[in-house]
Each structure stands twice: as structure tokens, then as C-alpha cells.
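Got a structure for you, questions after.
Order of the sequence lines fixes the chain letters, A, B, ..., with proteins taken first and strands second; residue numbering starts at 1 for each chain. This structure is a prediction, so every number in the text was calculated from the model and none was measured.
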2 protein chains.
Amino acid sequence: MNGKTDLRVLRTRQSIRMAFYELIEEKGYEAITIQDIADRAMINRNTFYLHHQNKPDLLDTCMDELLSELKNAVVLCPFNMSPFHISTLETVMQTVLEHISRNTTFYYAMLIEENRIYQFRAKMENIIKDKLNEGWILAQGNSPLALSKELLLEYLVSSFMGIVMWWIKNDLPLPAGEAASQFSRIVAYGHLKAAGIAVGE
Amino acid sequence: MNGKTDLRVLRTRQSIRMAFYELIEEKGYEAITIQDIADRAMINRNTFYLHHQNKPDLLDTCMDELLSELKNAVVLCPFNMSPFHISTLETVMQTVLEHISRNTTFYYAMLIEENRIYQFRAKMENIIKDKLNEGWILAQGNSPLALSKELLLEYLVSSFMGIVMWWIKNDLPLPAGEAASQFSRIVAYGHLKAAGIAVGE
DNA sequence: TAAATAATGAACATAATGTTGTTTATTTAT
DNA sequence: ATAAATAAACAACATTATGTTCATTATTTA
């Protein structure tokens with residue numbers, strides 16, 4: 001009795017995931033049946049149930065697996081202080097976009113397609129939120145704010161994800177660095193100034 | 001043969017919708033079966049199929065019905081120029097929040113709950129987007145921008161919806177006017193300035 | 001090579017969908 | 001007021017997917 005897992009188990013699990021990814025791209029999550037997965041993975045339908053409770057359970061496992069890669073990349077982003085947030089946001093955004101550009105089809109299926117998985121967006125948002133929150137604590141200490149911290153954080157994450165989704169939906173129309181820089185400029189200075197429009201007080 | 005609809009039809013349709021709304025709040029959209037709806041509406045399951053193709057079709061009808069009310073409210077918001085966008089955003093936000101506060105349970109079920117309906121958010125975003133786009137055209141003409149107009153619009157809508165969802169999720173923690181004002185300040189001047197933190201160039 | 005265990009295959013119970021055809025009840029138009 | 005039109009009810013059916021059970025076969029590990 002060793003720590004190793006039976007080779008058959010590893011093989012089966014991998015087949016299931018590959019099949020699942022392919023099918024998501026082909027027909028969307030909702031339309032997939034367990035039988036579809038079994039057929040594609042070339043296993044018995046029963047075997048599926050030896051590894052996953054049901055379809056949502058499989059989805060969860062897969063999302064976590066893929067997002068842990070994103071999370072690792074984001075966690076490594078340095079916090080550049082003074083004024084920390086602007087460059088940090090830019091770095092994190094660029095990191096995320098670059099990661100996505102390496103897995104476009106999957107992210108497209110999860111975030112953009114008709115049959116997209118909204119939980120996936122929620123999980124991504126949490127990764128971003130954790131990172132920003134961490135930076136916030138580091139840089140901010142506990143000086144009072146003119147507005148709700150929760151509101152501010154929600155604002156940052158929402159706009160962040162909005163740009164990310166826009167970027168994917170439009171087929172990566174700008175270089176990752178350029179999109180990241182436009183985003184951080186808007187967030188830091190306001191949309192009018194960032195757009196080059198004079199702001200009357 | 002008149003323009004009027006048979007009273008039985010009107011009665012049935014109304015029962016179906018009421019039943020549907022109740023069930024969404026009780027168990028979430030996905031868990032609802034046609035039989036559930038029929039039972040609650042006290043009609044035969046067959047009768048359901050006389051009025052709707054299937055569950056998604058019913059959902060669509062209901063969302064459109066409810067969002068048209070929101071749309072009407074938003075469309076009526078005036079565009080205050082100079083600098084138009086800031087106060088317009090604030091007005092639209094306040095209008096939306098006030099509308100939501102009159103239908104909290106439904107919006108909560110559609111936007112926040114575990115079994116929320118992501119299409120609903122997308123439809124709301126389109127309403128906001130249309131409004132902002134209209135204002136943009138009015139105020140902006142065709143002077144060149146320092147950043148992509150599409151990106152800017154996506155940014156505005158995403159942050160807008162983020163605040164809206166935050167507000168609902170946290171049980172309407174601020175007066176609608178206050179939340180609207182904080183939002184417009186962030187968007188107009190940037191998050192650091194809005195938060196009261198000095199921005200070093 | 002024996003023991004452990006993963007995968008298969010077949011069967012079954014359950015639940016939901018969507019359709020068809022007939023009958024009953026209600027509504028509208030004359 | 002009544003006949004014609006039609007909505008709703010009722011019952012039956014085919015189809016599809018889910019999740020479980022159990023005996024058998026094959027593979028892997030120790």
C-alpha cells in the first residue's frame with residue numbers, strides 16, 4: 001500500500017477531463033450528458049460515477065484545476081508601491097491576459113459563449129479580489145477612506161473582469177500590455193481624463 | 001373575431017408567471033420542473049405547452065417583461081451636460097437602484113443567488129450600455145479618444161453592474177443616492193482620488 | 001503470482017420532457 | 001340564448017437522462 005495511485009485511475013481521470021473540455025467547446029456545458037463524456041473518453045458510463053458524483057462535480061474539479069494555474073501566476077505579481085495601485089493593477093491585468101492568451105479557447109467557452117459557465121467568472125473574480133485585497137492591506141494600513149472599501153474593491157474587480165471579458169470577446173484586439181495600460185489609466189485617473197476629455201469641476 | 005384575447009388565456013398566462021416567480025425564489029430556476037409550474041399555477045401540465053415552448057422560453061418572456069420596466073425608467077433619465085457623464089452616470093445609477101429596491105427579491109434571485117440566471121445580467125448590461133452609448137454620441141460627437149471607445153464603454157458598464165450587484169448582495173447598505181454618488185465619483189476622478197488618497201504622477 | 005481493485009456490462013428504478021388524441025368546459029359572436 | 005370556436009383537462013405514450021446495484025472481467029501492485 002503505497003502513496004501512488006493506480007495507473008488505471010490516472011488514465012481514466014485524464015480521459016474524462018479531455019473529453020469534457022472538448023465537449024464544452026463543441027456543444028456547451030448544459031448540453032453535455034454523462035454518456036457523451038463516457039463515449040468520448042472511451043470508458044463505461046459507470047466508470048464516470050466511480051470518479052465523480054455528477055456533472056457539476058466534474059465541472060468544479062476542472063475549474064479549480066485550471067484556475068489554480070491562473071492563481072499561481074497572479075500571486076507572483078509584485079506589488080509596486082508609490083502609487084502602488086496603478087502599476088500593480090497594470091501588472092496583474094497583464095499577467096492575467098497573457099495567461100488567457102495561452103488558453104483562449106477554454107476561457108472563451110467558460111466566459112463568453114452562449115452556454116458559458118457563470119460560476120467560472122465568479123471564481124476568477126475571487127482570485128483577483130484576493131490579490132487586490134492583499135495589496136490594499138499592505139499599502140493602506142488603516143487610514144480612513146472617503147468611500148466604502150467594499151464598494152471600492154467590488155468596483156475594481158468588476159471593471160477588471162469587464163475589460164478581460166471584452167478583450168476575449170473581441171479576439172484579443174490589443175496587445176496584453178496595451179490593454180492593461182489603458183485599464184490602469186482609466187481606473188487611476190478617471191475615464192474622462194483617461195479618454196483625453198477635459199473635466200469641469 | 002376581435003382583437004381581444006380569450007379571458008382563459010390571460011388567466012392562465014398570469015398564473016404561470018406568478019407560479020414561476022414564486023418557484024424561482026423558492027428553489028431557483030434550474031430546479032424547477034414544468035410539473036412544478038403546472039401544480040403551482042393549478043393548470044394541467046399540457047396547458048403549459050399551449051403557451052410556452054419550454055422552460056427557457058418562459059424565462060425569456062418573463063425577463064423581457066420585467067426588464068422593460070427598468071428600461072423605461074432608464075430611458076427617461078435626462079442627460080445633464082457639462083461635464084455630462086458624471087452626473088448622467090449618477091442619475092442612471094440612482095434610477096436603477098431605486099427601481100431594484102422596489103423589486104428586491106426578484107433581482108436578488110436573478111443576479112445574486114446560487115442559482116442565478118446569468119442571462120439576466122447580460123440583458124441588464126445591454127440596457128445600461130444602450131443608454132450610455134446614446135449619451136456618448138450626444139455629447140461626444142466624433143472627437144478622437146485616447147483609448148478605445150469600446151473598451152471604455154465596457155469598463156463603464158462592468159463597473160456599473162458591479163456596484164449594482166454589490167449593493168443588492170449586501171442588502172442595500174447605502175441609500176441609493178449615496179451609492180450612486182460614490183460610484184460616479186470613482187469613475188470620474190479615479191479610485192485613488194475618490195478614496196481620498198494622494199496620487200503621485 | 002496472488003491479492004487487491006478498477007473497469008465493464010447489463011439491468012433496473014426513477015424522473016422529466018414533449019407529443020398526440022379525445023373529451024369537457026368556457027367564452028365569444030351571432 | 002344558443003351555436004360555433006377554442007382553451008383546458010385528461011390519459012397515454014415514446015424518449016431520454018440520471019444514478020444505483022451487482023456479478024464478471026481485466027489490470028495493476030505488492
Side-chain angles (χ1 to χ4, degrees), chain A residues 1-63 65 109 114-117 119, chain B residues 1-63 65 109 114-117 119:
Chain A
M1 199 135 289
N2 213 327
K4 287 173 193 166
T5 320
D6 195 313
L7 280 177
R8 287 169 293 183
V9 174
L10 297 175
R11 212 183 323 116
T12 303
R13 287 197 182 145
Q14 197 186 331
S15 313
I16 290 177
R17 286 181 202 193
M18 294 304 296
F20 189 49
Y21 292 153
E22 285 177 29
L23 287 165
I24 284 178
E25 277 164 29
E26 284 173 31
K27 48 158 66 183
Y29 172 74
E30 290 299 341
I32 298 172
T33 69
I34 311 289
Q35 188 66 62
D36 286 337
I37 299 170
D39 287 347
R40 182 67 62 102
M42 290 189 289
I43 58 167
N44 191 276
R45 186 167 66 89
N46 252 354
T47 305
F48 175 91
Y49 288 107
L50 296 177
H51 295 276
H52 298 281
Q53 292 216 318
N54 44 36
K55 211 171 51 151
D57 174 67
L58 169 62
L59 176 66
D60 243 49
T61 307
C62 290
M63 290 196 297
E65 181 185 75
E114 175 94 29
N115 299 306
R116 81 197 90 160
I117 316 292
Q119 294 101 319
Chain B
M1 200 132 292
N2 213 328
K4 290 174 195 166
T5 320
D6 196 313
L7 279 178
R8 288 169 294 183
V9 174
L10 297 175
R11 213 183 324 115
T12 302
R13 286 195 182 148
Q14 198 187 330
S15 314
I16 289 176
R17 287 182 201 192
M18 294 302 296
F20 189 50
Y21 291 154
E22 286 177 28
L23 288 165
I24 283 178
E25 278 164 29
E26 284 174 31
K27 48 159 68 185
Y29 171 74
E30 290 298 340
I32 298 171
T33 69
I34 310 289
Q35 188 66 61
D36 285 338
I37 298 170
D39 288 348
R40 182 67 61 102
M42 291 189 288
I43 58 166
N44 191 277
R45 187 166 66 89
N46 251 355
T47 306
F48 175 91
Y49 289 106
L50 296 176
H51 296 275
H52 298 281
Q53 294 216 317
N54 44 37
K55 211 169 55 150
D57 174 66
L58 170 62
L59 176 66
D60 242 50
T61 308
C62 291
M63 290 194 298
E65 181 185 74
E114 175 94 28
N115 300 306
R116 81 197 90 157
I117 316 292
Q119 295 100 320

Checklist entry - Which pairs count as salt bridge (charged side-chain N to carboxylate O under 4.0 Å, His left out) when at least one residue sits in residues 28-37 of chain A, sequence neighbours excluded? => result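 Every salt bridge (charged side-chain N to carboxylate O under 4.0 Å, His left out) pair that includes a residue of residues 28-37 of chain A, provided the two are not neighbours, is K27(A)-D36(A).
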Item to check | Other residues, nucleotides, ligands: >12 heavy atoms within 6.0 Å of E25(A) CD | outcome: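 Yes, CD of E25(A) has more than 12 neighbouring heavy atoms, counting only those of other groups under 6.0 Å.
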Checklist entry - Roughly how many Å is it from CG in N54(A) to P in dA15(C), rounded to a whole number? => result 17 Å
Checklist entry - dG18(C) P sits how many Å from K55(B) NZ, rounded? => result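 Interatomic distance, NZ of K55(B) to P of dG18(C): 10 Å.
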Item to check | Rounded distance in Å - CG (D57(A)) to C1' (dT18(D)) | outcome: 15 Å
Item to check | Positions of residues 18-40 of chain B (non-hydrogen atom under 4.0 Å from DNA chain D), listed by number | outcome: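 Here the set is empty: none.
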Checklist entry - Within a strict 4.5 Å, meaning less than it, do heavy atoms of the L50(B) and T12(B) side chains meet? => result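 L50(B) vs T12(B): side chains apart.
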What protein N or O atoms touch nucleotides 22-26 of chain C N or O atoms at under 3.5 angstrom, if any, and at what distances?
residue, atom, partner, partner atom, Å
dT26(C), O2, R8(B), NH1, 2.9
dT26(C), O2, R8(B), NH2, 3.3

Next on the checklist: Rounding to an integer number of Å, can you tell me how far F48(A) CZ sits from dT8(C) P?
Outcome noted: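 In whole Å, dT8(C) P and F48(A) CZ are 14 Å from each other.
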Item to check | Residues in salt bridge (charged side-chain N to carboxylate O under 4.0 Å, His left out) contact with R8(A), at least two apart in sequence or another chain | outcome: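 Partners of R8(A) under the salt bridge (charged side-chain N to carboxylate O under 4.0 Å, His left out) test: D6(A).
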Checklist entry - Taking only residues two or more places apart in sequence, or in another chain, which ones meet E26(B) in a side chain to side chain contact (heavy atoms under 4.5 Å, CB included)? => result E22(B), L23(B), R40(B)
Checklist entry - What heavy-atom pair brings R17(A) and C62(A) nearest, and what distance separates the two atoms? => result CG-SG, 4.0 Å
Checklist entry - Got a sec, which residues hit side chain to side chain contact (heavy atoms under 4.5 Å, CB included) with L7(B), two or more places apart in sequence or on another chain? => result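 Here the qualifying residues are L10(B).
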Checklist entry - Taking the side chain as C-beta and beyond, is there a heavy-atom pair between L58(B) and I37(B) under 4.5 Å? => result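 Counting from C-beta outward, L58(B) and I37(B) do come under 4.5 Å.
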Item to check | Nearest-nucleotide 5' precedence on DNA chain C, Y49(B) against I43(A) | outcome: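 Checking each residue's closest nucleotide, the 5'-ward one belongs to I43(A).
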Item to check | Pairwise side-chain contact, Q119(B) with D60(B), heavy-atom cut-off 4.5 Å (strictly under) | outcome: no
Next on the checklist: Can you pull out every ring pair (Phe, Tyr, Trp, His ring centres under 6.0 Å) where at least one residue sits in residues 32-60 of chain A? Sequence neighbours excluded, please.
Outcome noted: F48(A)-H52(A)
Next on the checklist: Can you tell me how far apart CD1 (I34(B)) and CG (N46(B)) are? Round to the nearest 0.5 Å.
Outcome noted: 11.5 Å
Close N/O contacts between protein and nucleotides 9-12 of chain C (under 3.5 Å):
residue, atom, partner, partner atom, Å
dG9(C), O6, N46(A), ND2, 2.4
dA10(C), N6, N46(A), ND2, 2.8

Item to check | ring pair (Phe, Tyr, Trp, His ring centres under 6.0 Å) contacts touching residues 15-42 of chain A (sequence neighbours left out) | outcome: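 Output for this query lists Y21(A)-F106(A).
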Checklist outcome for this item: When the rotation axes relating C1' atoms of four end pairs to the next four are compared across the helix from dT1(C)-dA30(D) to dT30(C)-dA1(D), five pairs an end, they differ to 10° by 30°
Checklist entry - Given dA6(C), is OP1 or OP2 found less than 4.0 Å from the side-chain N or O atoms of T47(A)? => result no
Item to check | Any H51(B) side-chain N or O less than 4.0 Å from OP1/OP2 of dA7(D) | outcome: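 Checking H51(B) against dA7(D): no side-chain N or O falls below 4.0 Å of OP1 or OP2.
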Next on the checklist: Tell me the interatomic distance from L7(B), atom CG, to dT28(C), atom C1', rounded to whole angstroms.
Outcome noted: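 After rounding, the gap between these two atoms is 10 Å.
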Item to check | side chain to side chain contact (heavy atoms under 4.5 Å, CB included) partners for D39(A), two or more places apart | outcome: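 Partners of D39(A) by the side chain to side chain contact (heavy atoms under 4.5 Å, CB included) criterion, ordered by chain and then number, come out as Q35(A).
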